[in-house]
Protein chains: 2
Amino acid sequence: MQSVAKHFRITKNETQPIATTYATGLIIKWVLNNMNTEIKPIVRTLDDIAKIAGVSKSTASRALNDNPLISEKTRLKIQKIAKDHNFIKHYGASSLSLNTSNTIALMVPKYDENHYDLVRVKEDPFFNKVLAGILSQTDLIGKELLISSFDPASPVKIAQLVNSRKVDGAIVFGATDENEKFSDHIPANFPIVFWGNMRTTTKYKTVSGNDMEGARLATQALIDAGKKNIAYIGGFGESPEVSARFEGYKKAIHHLNSPKFISGFGRYTHQSGEQQMRQLLDLYPDIDGVFAGSDVLAMAAISVLKQKGKSIPENVAVVGYDDIDMAEFFKPALTTISQNGFVAGQILVDKLISIIKKEPDSIEQRTYIDVHLIRRESCQ
Amino acid sequence: MQSVAKHFRITKNETQPIATTYATGLIIKWVLNNMNTEIKPIVRTLDDIAKIAGVSKSTASRALNDNPLISEKTRLKIQKIAKDHNFIKHYGASSLSLNTSNTIALMVPKYDENHYDLVRVKEDPFFNKVLAGILSQTDLIGKELLISSFDPASPVKIAQLVNSRKVDGAIVFGATDENEKFSDHIPANFPIVFWGNMRTTTKYKTVSGNDMEGARLATQALIDAGKKNIAYIGGFGESPEVSARFEGYKKAIHHLNSPKFISGFGRYTHQSGEQQMRQLLDLYPDIDGVFAGSDVLAMAAISVLKQKGKSIPENVAVVGYDDIDMAEFFKPALTTISQNGFVAGQILVDKLISIIKKEPDSIEQRTYIDVHLIRRESCQ
DNA sequence: CTGAAAGCGCTTACAG
DNA sequence: CTGAAAGCGCTTACAG
């Protein structure tokens, strides 16, 4: 059935069977450690451990799993043997027997709507923070993390990964649309949690930033700084996040003056930010405040404003969004909205675990992470 | 043995056994789809598929694995049945039988030497690019990726993950020291590849940037721009990368003048860059060129130089390293060294797979990824 | 080209 | 508190 090679666990060096001896019922496999000719037996399976300890593999299994049925003496003895032999059990066998993987998946979009390959992973600094939070939390609770890309146009891969029992559930990034593809392949009670606001009210559980509130805070900061003609750049319909930021801006501004805004099509690029700011200044030369939907856009806007001879924040105050690392060191340092991505990652893991464990009481449909205004030079 | 719940694959909705019928030897499990009361049978195992197709599970297994023994007619029939029933095989069972995981690990350091938790994941934009390259390549060759943190002081976790057969091998980030811990737990022929230069000549296989050559190119660009008093900031011993960059600088400069450098202790922070630049100007006021070991340091240096009334690049030219996204939009746009992290990720995967497959001919001990000079305003 | 059977290495209900 | 045995769902050498 299996090849001979299979009987030798990868160990310190190229394993090489030299002799097979039967002693006290235990098959001892000797291996030539070809670096320093040190010879050591290989312990591969629970059965090997059991035979060394002189117990059954049932007992060995229970001992290693801290099953209270086993006496402390026996348990400690077996655990010591396992440790001394660097025994580690076969994950696949465990997973087959228990029908659980002890692993969750992080699914990242292979393409976004503009077909940029893995752009979220490659270019979004916020992704790093969330990933770090997810990793930290999975580590804390003793789970492993699989990371995999998927095509938002055919999310069946997510369902397959769970159905194969390779993972117990999935955190899904960057799917902002609950399209038919999702609804068709993935039921509402599937062990899955989304990062981000969905474009439509969705049946799936989500964790997201509070974009509306963040945008309101940002705009309010401009109002509090005494600004009266406050514009918005960053688009208003491309994604739920963008829509929510635009709504937050309008909410804060409605009693002041009519909204001044420019739609930023496509991505949140520096180039687009410069172009939007120029158009805005042409249309409304009396602007004295700008809320930009991202820090990159804010920096682009500031560079245009400076070119036009405006001083920041005296003539025009600017507030960004995201609090990227650069925001602090930009001249002028950027006032912006910060969301704790690390905490978001931790919450995503906890929420997914609750869903997997079916703890309906503790699972809210929508979880929002806090937003904070970081006040720096560009608006104070 | 197993609970009843185990017999119901997670499916469109909360699974709920309604009746168990025995028909033509096939146990048909009916499930009430409680959203729309649609009723559908569940196909969980190869055996189920085999019975529907009227073949043995041996044949079903071979057909789904495209085994050429099976006739095309039978194969297509079985594959269609599997597809129609959204059948996906149990990963753990497959893994146990084949003793392979079809998965590789990406190990990231939980702590660096200064005990910053997951700083690499959280703050290194280059990590994103490498991760995207790794993901893209594992996807291409049909492997999955597990990402896990480890404590560099006890890398036994890496060996355990491989020995449990949860992964077939590992890409290790951010371990720049081959300390005894590594040597003790992980043999030279272990299926593992490191990102980065090791501090000492190591027995392990590595992929890394060509830091010496990058630094030489950067310094040469300053020389080519006619600069004579070229300084270096960025430290010279903290890590192999930093050492190599310092060496590259010295190599390019040796015929020109005596090296001028400041050690940057600790992390490559903006604050540290400003401090180093101030010290350097105090010591050598006649500096006309600066090679900074990172773009962040270069930006910090430029901000200090501007404060001191220097114009860039006329009075002092500056070259950075990394080509972070911001480098292009900084004023002045930064001349810098670029390494293709995405390609590095792809190479890491290919190299690890070669190691796993034991293709000694095609595996070089050290692989260096290309470095390029990106010429922008700060040095031209 | 196909099938019956053994095996992969765990876990655990059952019996003692 | 411990063990023999069955079972998890695959794969494949062997026999036909």
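Below, chains carry the letters A, B, ... as their sequence lines are ordered, and counting in each starts from 1.
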- So, is the end of the B:Lys157 side chain (NZ or CZ) under 6.0 Å from the ring centre of B:Phe150 and within 45° of the ring's axis? no
- Query: So does A:Asp139 pair up with B:Lys110, basic N to acidic O under 4.0 Å?
  - Reply: yes
- side-chain N/O B:Lys57 vs C:dA4 OP1/OP2, d < 4.0 Å: no
- Task: Respond yes when some side-chain nitrogen or oxygen of B:Asn65 is under 4.0 Å from OP1 or OP2 of D:dT11, and no when none is.
- Result: yes
- Ignoring backbone atoms, test whether A:Ser95 places a side-chain nitrogen or oxygen under 4.0 Å from the OP1 or OP2 oxygen of C:dC10. no
- Task: With A:Val349 as reference, evaluate A:Leu140, A:Val193, A:Ile141 under the side-chain contact (heavy atoms from CB on, under 4.5 Å) test and give the passing residue.
- Result: A:Ile141
- C:dG16 to C:dT12 separation - C1' atoms, rounded to the nearest Å: 16 Å
- Message: How many whole angstroms separate atom NZ of A:Lys51 from atom P of D:dA4?
- Response: 11 Å
- Work out which heavy atom in A:Ala53 is nearest to a heavy atom in A:Lys77; give both atom names and the distance. O-NZ, 3.1 Å
- Message: The side chain of B:Leu98 is closest to which nucleotide in this list: C:dC10, D:dT11, D:dG9?
- Response: D:dT11
- In whole Å, what is the span from the OH atom of B:Tyr91 to the C1' atom of D:dT11? 15 Å
- Task: Would you mind telling me which residue lines up with the more 5' stretch of DNA chain D, B:Gly92 or A:Leu69, judged by nearest nucleotide?
- Result: A:Leu69
- Task: May I ask you to verify if any side-chain N or O of A:Thr59 is less than 4.0 angstrom from the OP1 or OP2 atom of D:dG3?
- Result: yes
- Task: To the nearest Å, give me how far apart NE2 (A:His90) and P (C:dC8) are.
- Result: 11 Å
- Is there a donor and acceptor pair closer than 3.5 Å between the side chain of B:Ser61 and the base of D:dT11? no
- Kindly point out which of C:dG9, D:dC10, C:dG3 is positioned nearest to the side chain of B:Phe87? D:dC10
- Whole-Å distance separating the CG atom of A:Leu96 from the C1' atom of D:dG9: 5 Å
- If C:dA13 has a Watson-Crick or G-U wobble mate with both distances under 3.5 Å, name it; if not, just say none. none
- Task: Supply the atom-to-atom distance B:Tyr91 OH to A:Leu96 CG, rounded to the nearest 0.5 angstrom.
- Result: 12.0 Å
- Message: D:dT2, OP1 or OP2 - any side-chain N/O from A:Ser58 closer than 4.0 Å?
- Response: no
- Item | N/O (side chain, B:Arg44) to phosphate O (OP1/OP2, D:dG9) under 4.0 Å | yes
- Message: Between the base of C:dG7 and the side chain of B:Ser97, is there a donor and acceptor pair under 3.5 angstrom?
- Response: yes
- Message: If you go through the side-chain atoms of B:Arg62, does one of them form a donor-acceptor pair with the base of C:dG3 closer than 3.5 Å?
- Response: yes
- Nearest-angstrom distance from the residue atom CG of A:Asp66 to P of D:dC1: 14 Å
- Query: What interatomic distance, in whole Å, is found between P of C:dC10 and the corresponding atom of C:dC14?
  - Reply: 24 Å
- note: A:Asp48, atom CG; C:dG9, atom P; distance rounded to Å ~ 9 Å
- Note on the structure: Rounded to whole Å, NZ of A:Lys166 lies from P of D:dC8 at a distance of 23 Å
- When you get a sec, tell me which of C:dG3, D:dC10, C:dC10 is the closest nucleotide to the side chain of B:Leu46? D:dC10
